[in-house]
Amino acid sequence: MLILGIESSCDETAAAVLRDGRFILSNVIASQVAVHKKYGGVVPELASRHHLENIVPIVNAALQEAGLAQHALDGIAVTQGPGLVGSLLVGVNYAKALSFSLNKPLVAVNHLEGHIYSVPLELARSEIERGVPLTDWSELFPALCLIVSGGHTSLYWVQDLGHDETQAGRFELVGRTRDDAAGEAFDKVAKLLHLGYPGGPVIDRLSKKGDPHAIEFPVSKISDGKLDFSFSGIKTAVLRYVQTHLQKEVDQMSARRNEENFHDHLPQPVYDLIASFQKTAIEMLFDKTSKAAELRRPRSILVSGGVACNSLLRSRFHEGFKSKNSIPVYFPSPILSTDNAAMIAAAGYPRLKAGRYAGLSLNADVHLKLHE
Ligand code: KG4
Ligand code: ZN
């Protein structure tokens with residue numbers, strides 16, 4: 001079964017073709033990072049305008065790379081939400097028009113469900129590459145799934161994937177951020193330090209130059225016993241630290257920020273600040289996930305979303321869960337961690353097989369929920 005996935009929920013226009021829900025034939029992404037860089041974050045109006053420009057060439061590129069004509073497709077999967085309304089509408093309307101003109105079924109996918117699918121999809125990708133038998137995905141479940149990106153920080157208990165019934169009861173929200181998403185905290189700290197956008201990759205790299213124990217930042221305390229996250233406290237603590245101890249250095253950095261190799265010649269206390277921030281943010285993610293794992297005893301832990309690219313997060317989770325209770329942790333490769341359409345096609349596949357089609361009345365849903 002050949003399925004075309006379309007993703008446009010935020011600032012990436014993406015299309016991919018998958019065979020039987022796990023063989024990636026193509027995976028094409030047009031990133032808008034260069035467009036939004038100078039604003040230090042995604043500008044919704046610009047994002048939808050660029051999706052409009054990109055959607056046709058990106059879908060065509062995905063079909064071409066897969067070596068397929070449009071009529072060879074068995075169906076189309078599109079991200080319905082959550083996301084930015086103007087961005088989502090471009091993908092949803094294009095997918096509806098394509099479905100109508102080709103007379104091929106359309107299925108709607110929750111973006112977060114896509115992120116969860118990106119992890120077993122990565123497993124299949126690496127198994128295909130190594131020529132080893134494919135793992136039955138149900139062996140990974142029930143699983144704890146942490147989705148950490150610029151827009152989301154949520155921890156789900158997932159019973160299983162790929163069943164044909166509706167998603168009712170399969171996803172339980174165990175914890176979520178009460179304020180900023182983790183990626184947003186990385187982006188805001190980078191902005192404060194004039195390090196550019198997106199902040200996560202540069203903070204990850206520069207943290208290696210600093211002492212993560214130099215500054216003790218407060219760890220957010222959620223007092224009602226819930227496994228929720230909070231990242232606004234650490235963001236404010238970094239701001240206060242800069243104002244009190246490093247304002248002169250940071251002002252000088254602002255003046256030098258366009259110099260070549262600027263990132264590699266920062267004052268040592270700034271590297272220490274970056275490393276200490278990263279360590280605290282990752283520890284907060286590990287701590288809640290680890291508490292949830294103790295309570296629920298999952299068969300695996302799946303981490304996805306842009307922040308899942310973070311090198312400290314990967315080593316902390318691998319080591320932490322290996323030494324603690326020997327739970328395997330899985331991450332997608334960076335290309336499947338950040339927003340992509342292969343994960344949307346993978347999540348849409350069981351729905352397409354089961355004939356749970358979306359009609360042409362499908363609309364974008366900005367606040368679409370995964371759980372009940
Ligand atoms: O999943 P994604 O591409 O888009 C959504 O937000 O949905 O995630 C982007 C986020 C940004 O906030 C970016 O700073 C963060 O992921 N990110 C990272 C790293 N790479 C990307 N955060 C920490 N460490 C990284 N290596
Ligand atoms: Zn995402």
Side-chain angles (χ1 to χ4, degrees), residues 5-14 27 29-33 36-37 39-44 47 51 79-84 87-88 91 109-119 121-122 145-154 156 177 180-193 195-208 212 231 234-235 263 274-275 277-286 302-317 331-344 346-347 366 368 370:
I6 297 178
E7 153 66 34
S8 70
S9 65
C10 188
D11 61 338
E12 259 104 26
T13 323
N27 186 23
I29 304 170
S31 165
Q32 298 182 11
V33 163
H36 303 283
K37 218 178 174 94
Y39 305 100
V42 177
V43 183
H51 283 307
T79 305
Q80 184 189 6
L84 301 169
S87 293
L88 288 165
V109 171
N110 184 307
H111 180 77
L112 300 175
E113 187 177 5
H115 272 302
I116 294 172
Y117 267 86
S118 71
V119 189
L121 188 59
E122 171 68 30
C145 301
L146 177 66
I147 302 171
V148 261
S149 70
H152 309 279
T153 300
S154 305
Y156 286 94
T177 182
D180 293 348
E184 206 177 339
F186 275 83
D187 293 337
K188 285 179 178 167
V189 166
K191 191 171 180 179
L192 172 75
L193 300 176
L195 299 175
Y197 173 83
V202 65
I203 287 186
D204 191 353
R205 184 168 73 80
L206 300 185
S207 284
K208 297 188 171 65
F231 290 96
I234 183 164
K235 179 192 67 185
H263 288 163
I274 293 169
F277 157 73
Q278 175 173 276
K279 185 191 123 249
T280 313
I282 298 301
E283 206 49 45
M284 291 198 282
L285 291 169
F286 176 75
L302 315 182
V303 191
S304 66
V307 184
C309 298
N310 186 273
S311 55
L312 180 66
L313 183 147
R314 287 179 179 236
S315 58
R316 183 71 182 101
F317 273 59
F331 300 95
S333 55
I335 191 78
L336 292 178
S337 279
T338 52
D339 288 349
N340 66 87
M343 68 184 194
I344 302 303
V366 172
L368 187 65
L370 189 55

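Order of appearance sets the numbers: ligands from 1, and atoms from 1 within every ligand. Throughout, residue positions are numbered sequentially from 1 according to the sequence presented. This structure is a prediction, so every number in the text was calculated from the model and none was measured. Hydrogens, waters and symmetry mates play no part in the numbers below; they use all other heavy atoms, side chains included.
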For atom 21 (C) of ligand 1, which of the options A308, G305, G306 provides the nearest non-hydrogen atom?
G306
Measure the distance from atom 4 (O) of ligand 1 to every protein heavy atom, then report the residue, atom name and distance (to 0.1 Å) of the closest one.
D339 OD2, 3.6 Å
Among non-hydrogen protein atoms, atom 26 (N) of ligand 1 lies closest to D204 OD2, 3.0 Å
Any atoms of ligand 1 less than 4.0 Å from a non-hydrogen atom of C309? List them with their elements.
20 (N), 26 (N)
Contact between ligand 1 and G199 is defined here as a heavy atom of the residue under 4.0 Å from a ligand atom; is it met?
yes
Nearest option to atom 10 (C) of ligand 1, as decided by whichever heavy atom of G200, G150, G183 sits closest:
G150
Among protein heavy atoms, which lies nearest atom 3 (O) of ligand 1, and at what distance?
T338 CB, 3.3 Å
Tell me if a side-chain donor or acceptor on N340 pairs with a main-chain N or O of L336 at a distance below 3.5 Å.
yes
Please confirm whether the backbone N or O of H115 pairs with a side-chain atom of S304, one donor and one acceptor, at under 3.5 Å?
yes
Considering only the protein, which heavy-atom contact is closest to atom 24 (N) of ligand 1, and what is its distance?
N310 ND2, 3.0 Å
The Zn ion (ligand 2): protein N, O or S atoms [distance under 2.8 Å]:
H111 NE2, H115 NE2, D339 OD1
Using a 3.5 Å distance criterion without hydrogens, assess whether the side chain of D204 forms a donor-acceptor pair with backbone atoms of S311.
yes
Part of P201 within contact of ligand 1 (heavy atoms, under 4.0 Å)
both
Can any side-chain N or O of S149 pair as donor or acceptor with the backbone N or O of G305 at less than 3.5 Å?
no
Tell me, which protein residue and heavy-atom name are nearest atom 11 (C) of ligand 1, and how many Å apart are they?
D187 OD2, 3.5 Å
If we number the atoms of ligand 1 from 1 as shown, the ones under 4.0 Å from a heavy atom of G151 are 6 (O)
Among T338, V33, I203, whose side chain to side chain contact (heavy atoms under 4.5 Å, CB included) with P198 holds?
V33
Point-to-point distance, once rounded to the nearest 0.5 Å, from CD1 of I344 to CG of D339:
8.0 Å
Student check: side-chain heavy atoms of V303 and R314 closer than 4.5 Å:
no
Please enumerate all residues that pass ring pair (Phe, Tyr, Trp, His ring centres under 6.0 Å) together with F231, with sequence neighbours excluded.
none
Only counting residues at least two apart or in another chain, list the ones meeting ring pair (Phe, Tyr, Trp, His ring centres under 6.0 Å) with F286.
F317, F321
Please confirm whether Y39 and Y197 have ring centers closer than 6.0 angstrom.
no
Go through the structure and list residues passing side chain to side chain donor-acceptor pair (under 3.5 Å) with S9, not counting sequence neighbours.
E7, H111
